[in-house]
Protein chains: 2
Amino acid sequence: MLYTNSVVGRPARIDRTQVLAEALALADEHGLEALTMAGVAERLGVTAMALYRHVANKADLLDGVVEALLTEFPPPPAGLSWSDRLGLLAGNIRASARRHRSVFPLLLQRPATTAEARHTRDAVYRALGDAGVPDDRVAQVERLVSTAVLGFALSEAAGRFRDHSRRQLDADFDALQALLSKFIESEAANEAPLRLVEPSDHDVS
Amino acid sequence: MLYTNSVVGRPARIDRTQVLAEALALADEHGLEALTMAGVAERLGVTAMALYRHVANKADLLDGVVEALLTEFPPPPAGLSWSDRLGLLAGNIRASARRHRSVFPLLLQRPATTAEARHTRDAVYRALGDAGVPDDRVAQVERLVSTAVLGFALSEAAGRFRDHSRRQLDADFDALQALLSKFIESEAANEAPLRLVEPSDHDVS
DNA sequence: ACCTGAACACCGTTCAAGT
DNA sequence: ACCTGAACACCGTTCAAGT
């Protein structure tokens, strides 16, 4: 009768946040194939079945781990210039991919509709707006920019650039950001070298 | 004693190529989690254990499936312009990603050192050379271009653009290619707006 | 040489039972 | 309310045995 937190029962020894944190740490240390229910439970000093009180099943555990990972990049401070904000966002995404090589690729497979994901996209929208990209182009420019940064982060995390030095990878990432900045500026200047989105849908037979 | 293909034994009912083809088809139809040894075997009218004569284990099966997928984009005809060749390569990659949504992401995880992968990269190298990109910039430009195209193909395959129309996705992909073409041309013109690769490694303390 | 049946380890998941 | 033991289905993999 030491229990104080509920009508009848025992105090919780673990909670969802701990489960997700240990799952992420386990994957970081030993790879995705080591991320089993039993493995996570062992780190918490508990049996595998105990986890089912905190996650619905393994898919839910993986979703939660991805969400925990997304928590790591908060929106950049509003005081900075648009290009500094984008640079910060891109750098955070790349750093997260490097820290969590095995889990990061799950970002692709899992729903991108989470709150965290939307916050990041909104931060990019604001930066593009501040850069002067016309409202009707912001969404497409965001998709291209995000896709390119994600592609780089995924490639690096998956080890496609295994043979390259850290310096070379940093130089590549800088080059990618420079390319994207030039693109954004040309969109802002309304140079619009090509008609990228059809203004109306005439001629759809 | 109908057997003619070896000293003693029975004729093979299945071979590696068939195993990989059925594995790819199974994943295309029912997703990656349906891609089990037993599932592949069933499609071939054989038991799961029979597969081990043709693939070393499941990891080898997955490697083989990815390689089978890579076979689908042959090097573009040498007669075409560099930009047509790059456009063809990019289009083939995107089409393959759309056809094989669940297997395509494995491209990231698996070794990129296969013969097919090298052929594709060499084709890009030749196109960039023909475009006039200086020799010492070709490798980095290839990494950025390939990364961006791969990022788009992966995002689309994984369903990140689920809510967008086919027309919108086509427009996005065209925009990406236009952006990359502009980038390549600016590299070729030696405009080099930024120092992207350090020419020598002075000042490394 | 190629395939199968039996057998095993491992993993996700359930459910009734303990505190 | 929270955790455990027993139990099950499923999957990858082995090995000796069949043709």
Side-chain angles (χ1 to χ4, degrees), chain A residues 1-27 29-66 102-103 106 109-110, chain B residues 1-27 29-66 102-103 106 109-110:
Chain A
M1 308 309 154
L2 286 162
Y3 316 136
T4 59
N5 65 328
S6 61
V7 189
V8 59
R10 6 136 78 153
R13 284 198 277 169
I14 57 176
D15 65 12
R16 187 173 222 265
T17 310
Q18 283 178 69
V19 171
L20 301 182
E22 288 302 329
L24 181 56
L26 177 57
E29 289 170 28
H30 298 106
L32 208 61
E33 75 291 342
L35 178 44
T36 65
M37 301 297 275
V40 175
E42 191 186 10
R43 289 175 76 105
L44 293 161
V46 116
T47 67
M49 297 78 80
L51 301 182
Y52 287 88
R53 202 134 287 268
H54 307 282
V55 297
N57 47 40
K58 182 148 188 202
D60 183 43
L61 176 81
L62 292 176
D63 275 343
V65 168
V66 170
S102 53
V103 168
L106 297 183
Q109 253 71 20
R110 308 267 139 197
Chain B
M1 307 312 150
L2 286 162
Y3 315 138
T4 58
N5 66 328
S6 63
V7 189
V8 61
R10 3 135 78 152
R13 284 197 277 170
I14 58 175
D15 65 12
R16 188 174 222 265
T17 310
Q18 283 177 68
V19 171
L20 301 182
E22 289 301 330
L24 181 56
L26 178 57
E29 290 169 27
H30 298 106
L32 208 61
E33 77 290 342
L35 178 45
T36 66
M37 301 298 274
V40 175
E42 191 186 11
R43 289 174 75 105
L44 293 160
V46 114
T47 68
M49 297 78 81
L51 301 182
Y52 287 88
R53 203 134 285 270
H54 307 281
V55 297
N57 48 40
K58 182 150 188 201
D60 183 43
L61 176 82
L62 292 176
D63 275 342
V65 168
V66 170
S102 55
V103 169
L106 297 183
Q109 253 69 24
R110 309 266 139 200

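Residue numbering restarts at 1 for every chain, and letters A, B, ... go by the order of the sequence lines.
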Identify which nucleotide among [options] has an atom closest to any side-chain atom of [X], counting heavy atoms from C-beta outward.
X	options	value
A:Arg13	D:dT4, C:dG12, D:dG12	D:dT4
A:Lys58	C:dG12, D:dC3, C:dC3	C:dG12
B:Asn57	C:dG5, D:dT4, D:dT13	D:dT13
B:Met37	D:dG12, D:dG5, C:dT13	D:dG12
A:Thr36	C:dG12, C:dG5, D:dT13	C:dG12

Output the rounded distance in Å from [atom1] ([X]) to [atom2] ([N]).
X	N	atom1	atom2	result
A:Arg16	D:dA1	CZ	C1'	18 Å
B:Leu61	D:dT13	CG	P	10 Å
B:Met49	D:dG18	CE	P	15 Å
A:Ile14	D:dA1	CD1	C1'	13 Å
B:Tyr52	C:dT4	OH	P	14 Å
A:Arg53	C:dT14	CZ	C1'	12 Å
B:Glu33	C:dC11	CD	C1'	16 Å

For the [atom1] atom of [X] and the [atom2] atom of [Y], what is their distance to the nearest 0.5 Å?
X	Y	atom1	atom2	value
A:His30	A:Thr36	NE2	OG1	11.5 Å
A:Leu26	A:Glu22	CG	CD	8.5 Å
B:His54	B:Ile14	NE2	CD1	3.5 Å

With a 3.5 angstrom cut-off on both distances, give the Watson-Crick or G-U wobble partner of C:dT13, or none if there isn't one. D:dA7
Considering every strand shown, what is the Watson-Crick or G-U wobble mate of C:dG18 when both distances are under 3.5 Å? D:dC2
Can you see if the side chain of A:His54 gets near the phosphate of D:dC2 - specifically, an N or O under 4.0 Å from OP1 or OP2? no
Hey, does the side chain of A:Thr47 come within less than 4.0 Å of D:dT4's phosphate (OP1/OP2), counting only N and O? yes
Between B:Leu106 and the options B:Leu32, B:Val65, B:Asp63, the side-chain contact (heavy atoms from CB on, under 4.5 Å) test singles out B:Leu32
Neighbour count >12 (heavy atoms, 6.0 Å) for atom CD, B:Glu29: yes
